[in-house]
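Take a look at the structure below.
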There are 2 protein chains.
Amino acid sequence: MKQISRFSHLGELSDKDYFRIALSVDCVIFGFEDGELKVLVIKCNIKEYKGMWSLLGDLVRPDEDLDSASYRILKDRTGLDDVYLEQVHTFGKVNRHPAGRVITTTYFSLVNIKDHQLKLSDNELHWHPVKEITEMAFDHKNILDTCLERLREKIQDHPVVFNLLPKKFSLRELQSVYEAVLNCELDRRNFRKKFFMMDWLVDLNELEEDVPHRPGKLYKFNSSKFAKKVKKIS
Amino acid sequence: MKQISRFSHLGELSDKDYFRIALSVDCVIFGFEDGELKVLVIKCNIKEYKGMWSLLGDLVRPDEDLDSASYRILKDRTGLDDVYLEQVHTFGKVNRHPAGRVITTTYFSLVNIKDHQLKLSDNELHWHPVKEITEMAFDHKNILDTCLERLREKIQDHPVVFNLLPKKFSLRELQSVYEAVLNCELDRRNFRKKFFMMDWLVDLNELEEDVPHRPGKLYKFNSSKFAKKVKKIS
DNA sequence: TTTTAATGTGTATTTTTAACACATTATTGC
DNA sequence: GCAATAATGTGTTAAAAATACACATTAAAA
């Protein structure tokens, strides 16, 4: 490792001291199942937080980009490749990790749970309803809250929730995702109206199957027609 | 330094390897002067970017919180104490710093330039109009752009621009700040209407002095009456 | 005293958001 | 097969917010 000469005016501390901070990445991986927003968590096995849920994370390797690190964690854990990933915040309190100084950069991700059931053989891994999580290891509850808030802002004007759904979905399912994320009820007519106006959907001229009621039309996300001007979901 | 046992499953790399990433903080310090948005920059003296402007930054010390590090930089450089500071993004490309692996967390800050002219004796430090900066050392132009975009979003519904102004200001000055930040013209009547509706201002019943035209009324920021529901500035 | 250049104010129009009800369709149970 | 059920699908109206726009007032400067 070369000298960090840009900071050489700080003579009172040697470079060696500065490399005593570890950098990690934690991923808040959101999924949607049974009408609920869920998050992928794992049982913590360090003694201070034994048995509590924690987020998926790992240390950043010296030779990988920060974004690549989050991508690697996601891919290793879920087997998914083409996922939505967004950096949210970096948490850097001195004592946030009992084992030493670890600063963590957090990302949230949106995946379709059904797409990677296979990988969940690891029974320490678990999809947990976000609403029911009150406590987590480390500062992970705080991280989860921060990412959830970011997600709520994001879906207001960016077409990202499609990542939580299968390729083909009904408007009912789409609305259900919004309601789960925002934790509120939405007016069906206004909801549909807005989505048709925004041009985010393609009508597949197919109907739902195996639903215990009148089947709804199926749509897919229209990736080619991102509306420049976007509107809030009411 | 203790073992980072949470990550101990990663047997293929020793802990030592992980501590070869340095963590820095860079501050995008915005000011407002002569009707322009400015940013505090410093001449870069590492050979790869000799003479180019760079942001104010420093390595994070092992025993200080991440937020404290940004605060320290700001205080050391500007002498200001009670300033607005917000974390924006962490940049972590492997080769972003020529001297080695440095991941940087960036903050933007809003200060009133007039409040700390004294400290600017250091002539490597310089308030530069944001609009005129096309190139910077490292990835700092990218960082500046990211922070500017965040600032633009922020001022839409949060009362933060007051930090760029003196305690007492006219509506003209306030509008001028918005126009400088958003880089657009605003309708004076609508602008005033909205601010009065938002209840962010206190009328001081004083008039501007030493202006070469009819003096406007002076206001101060109403810190006690944060409106819950905020509106976009048009 | 006149000119200049800013401050200060109100209304009408358009756009967006929010509230709201009934007919239609496929499934389920009798 | 038929009735009951539970969802889908659709338009209008009212309220709120955003936008466009013009003229009288005031103090300084000429």
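Below, chain A is the first sequence line, B the second, and so on; all start at residue 1.
- One can place CZ of A:F195 at 15 Å from P of D:dG9, the figure rounded to the nearest angstrom.
- A 4.5 Å side-chain heavy-atom check between B:L204 and B:Y219 finds every atom pair outside the cut-off.
- The distance between atom CG of A:L186 and atom P of C:dC20, rounded to the nearest whole Å, is 15 Å.
- In this view, B:K167 satisfies the side chain to side chain donor-acceptor pair (under 3.5 Å) rule with no residue, not counting sequence neighbours.
- Atom CG of B:D187 is separated from atom C1' of D:dA17 by 15 Å (rounded to the nearest Å).
- To the nearest angstrom, P of D:dA7 lies 16 Å from CG of A:L171.
- Residue contacts shown for A:R172 are limited to sugar-phosphate atoms, with no base heavy atom under 4.0 Å away.
- Using a cut-off of 4.0 Å between Lys/Arg side-chain N and Asp/Glu carboxylate O, A:D139 and A:K93 are scored as not salt-bridged.
- Between A:K217 and A:E206 there is no salt bridge, since no side-chain N of the basic residue sits under 4.0 Å from a carboxylate O of the acidic one.
- Among residues two or more places apart in sequence or in another chain, the side chain to side chain donor-acceptor pair (under 3.5 Å) test is passed with B:T106 by none.
- The nearest whole Å value for the distance from the CG atom in A:L218 to the C1' atom in D:dT8 is 13 Å.
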Could you go over nucleotides 13-15 of chain D and give all protein N or O partners under 3.5 Å, atom names and distances?
none

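- Spacing between atom CD of A:E173 and atom P of D:dA7 amounts to 14 Å, rounded to whole angstrom units.
- Ion pair A:E124/A:K43 not flagged as a salt bridge, since none of the NZ, NE, NH1 or NH2 atoms sits closer than 4.0 Å to an Asp/Glu carboxylate oxygen.
- Shown here are the side chain to side chain donor-acceptor pair (under 3.5 Å) partners of B:K193, two or more places apart in sequence or in another chain: B:N190.
- Spacing between atom CE of B:M198 and atom C1' of D:dA17 amounts to 13 Å, rounded to whole angstrom units.
- For B:E36, there are no side chain to side chain donor-acceptor pair (under 3.5 Å) partners two or more places apart in sequence or in a different chain.
- Using a 3.5 Å distance cut-off with no hydrogens or angles, the side chains of B:D76 and B:Y71 do not pair a donor with an acceptor.
- Atom CZ of A:F169 is separated from atom P of D:dT8 by 14 Å (rounded to the nearest Å).
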Protein-to-nucleotide contact annotation, 5' to 3' order, nucleotides 22-30 of chain D [B base; S sugar-phosphate only; - none; under 4.0 Å, heavy atom]: B--BBSS--
